[in-house]
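Numbers for residues simply follow the sequence, beginning at 1. Everything numeric here is computed off the predicted structure, so don't read it as measured data.
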Amino acid sequence: MCEPAPAARPADPSVSARVEPAVAAESAVAAGPAPVGGVVVRPARWADGEALAAIDRRVWSPVHSPAPAPSEGPARPFFDEQGPPAQYLVVEVDGPVAGYIRLCPPTPLASNAHVRQILGLAVDDAARGRGAARALLRAACAQARAEGATRITLRVLGHNDAARKLYASEGFAVEGVLPGEFLLAGVYVDDVLMGRGL
């Protein structure tokens, strides 16, 4: 089972992105204009780990993640046996790696092998407004469908309005709320469960 990864602020929901053929973008949901150049989504590689760890450190916020802030000093590698590159897609914006999305089965049970869960989405601040988060989300939906999944789910903090708006615009609906699930900076925050069919 995957461990949760911190989510990041989504890009401007009015901009879509071009996705490399290795991972076709979600085309069934027309929630934005046609893809634009400079944004490419591809499978992650071990060599991406250092750049992705740096992005996690830069974008971490209690608005996006209930986990503690990533360490600035030596830390465990971004990828490991429980979270290998095969569970991630990365987005490049005008060349450099600018973010990631993590996608995996929610449990090892055969009874819910038809479901994929997004367990982390992060986009570097420098790449915001280019459609990178939307491109990652669409690519994750396309990959889940290609793997035979019929449903995709995610969890988002209740006060993360920008992320919730992006997910809703891509067809995700609120399927449950765990009230006050996290205590962040002295405030109780809901854990919102969202999902959609594929």
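- At least one donor-acceptor pair under 3.5 Å links the side chain of N160 to the backbone N or O of A163.
- Within the model, atoms CG of D56 and NE2 of H64 stand 12.0 Å from one another, a figure rounded to the nearest 0.5 Å.
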>> What verdict does the side-chain contact (heavy atoms from CB on, under 4.5 Å) test give for V91 and V40, after you've listed the backbone C-alpha separation in whole Å, the side-chain angles of each residue and the deciding distance to 0.1 Å?
In response: CA-CA 6 Å; V91 65; V40 176; over 6 Å; no
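- In E50, the CD atom is not crowded: 12 or fewer heavy atoms of neighbouring residues, nucleotides or ligands sit closer than 6.0 Å.
- For the residue pair V90 and A44, the shortest heavy atom distance occurs at CG1-CB, 3.8 Å.
- Distance NE2/H114 to OG1/T150: 4.5 Å, rounded to 0.5 Å.
- Using modelled atom types and a 3.5 Å distance limit, the side chains of R134 and S169 yield a donor-acceptor pair.
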>> Evaluate R42 against L89 for side-chain contact (heavy atoms from CB on, under 4.5 Å), listing each step before the verdict.
In response: CA-CA 6 Å; R42 63 166 173 80; L89 299 171; over 6 Å; no
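- Heavy-atom minimum distance, P106 versus Q117: CB-OE1, 3.5 Å.
- Residue F172 is tested with L137, L193, L166 for a side chain to side chain contact (heavy atoms under 4.5 Å, CB included); the sole match is L137.
- The shortest heavy-atom contact between Y188 and G180 is CD2-O, 3.8 Å.
- At distances below 3.5 Å, not a single donor-acceptor pair connects side-chain atoms of R155 with backbone N or O atoms of D191.
- Across all non-hydrogen atoms, the minimal contact from A144 to R116 is CB-CG, 3.7 Å.
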>> Run the side-chain contact (heavy atoms from CB on, under 4.5 Å) test on H159 and L184 for me, step by step, so that the C-alpha distance in whole Å, both residues' side-chain angles and the decisive distance to 0.1 Å come before the verdict.
In response: CA-CA 11 Å; H159 62 194; L184 303 174; 4.2 Å; yes
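- When atom types are taken as modelled, the side chain of D190 and the backbone of V192 share no donor-acceptor pair closer than 3.5 angstrom.
- L154 contributes atom CG, which lies 11.5 Å from atom CD of E170 (distance to the nearest 0.5 angstrom).
- Counting heavy atoms from C-beta outward, I152 and I118 have side chains that approach closer than 4.5 Å.
- Smallest separation of non-hydrogen atoms from C141 and R196: SG-NH1, 4.0 Å.
- Between Y88 and F78, the ring-plane angle classifies as tilted under the 30° and 60° cut-offs.
- A salt bridge links D124 with R58; the closest basic N to acidic carboxylate O contact falls under 4.0 Å.
- Hydrophobic clustering keeps V123 apart from L157 (ILVMFWY residues linked when any side-chain heavy atoms are closer than 4.5 Å, directly or through intermediates).
- Looking at every heavy atom in both residues, A168 comes nearest to M194 through N-CE, 4.2 Å.
- In this structure, P70 and R57 have side chains that are in contact, with non-hydrogen atoms separated by less than 4.5 Å.
- No side-chain N or O of Y100 forms a donor-acceptor pair with one of D48 less than 3.5 Å apart.
- V59 and F79 fall within a single hydrophobic cluster, where Ile, Leu, Val, Met, Phe, Trp and Tyr are joined by side-chain heavy atoms under 4.5 Å apart, directly or via other members.
- A continuous path of ILVMFWY side-chain contacts below 4.5 Å connects V174 to L121, so both sit in one hydrophobic cluster.
- In terms of hydrophobic clustering, with Ile, Leu, Val, Met, Phe, Trp and Tyr side chains grouped at heavy-atom distances under 4.5 Å, Y167 and L178 are assigned to different clusters.
- Proximity of V41 to E92: side-chain heavy atoms (C-beta onward) are nowhere separated by under 4.5 Å.
- Ion pairing between E175 and R151 holds under the 4.0 Å rule for side-chain N and carboxylate O.
- Between the side chain of W60 and the main chain of A67, a donor-acceptor pair closer than 3.5 Å is present.
- Rounding to the nearest 0.5 Å places CZ of R102 at 12.0 Å from CG of L52.
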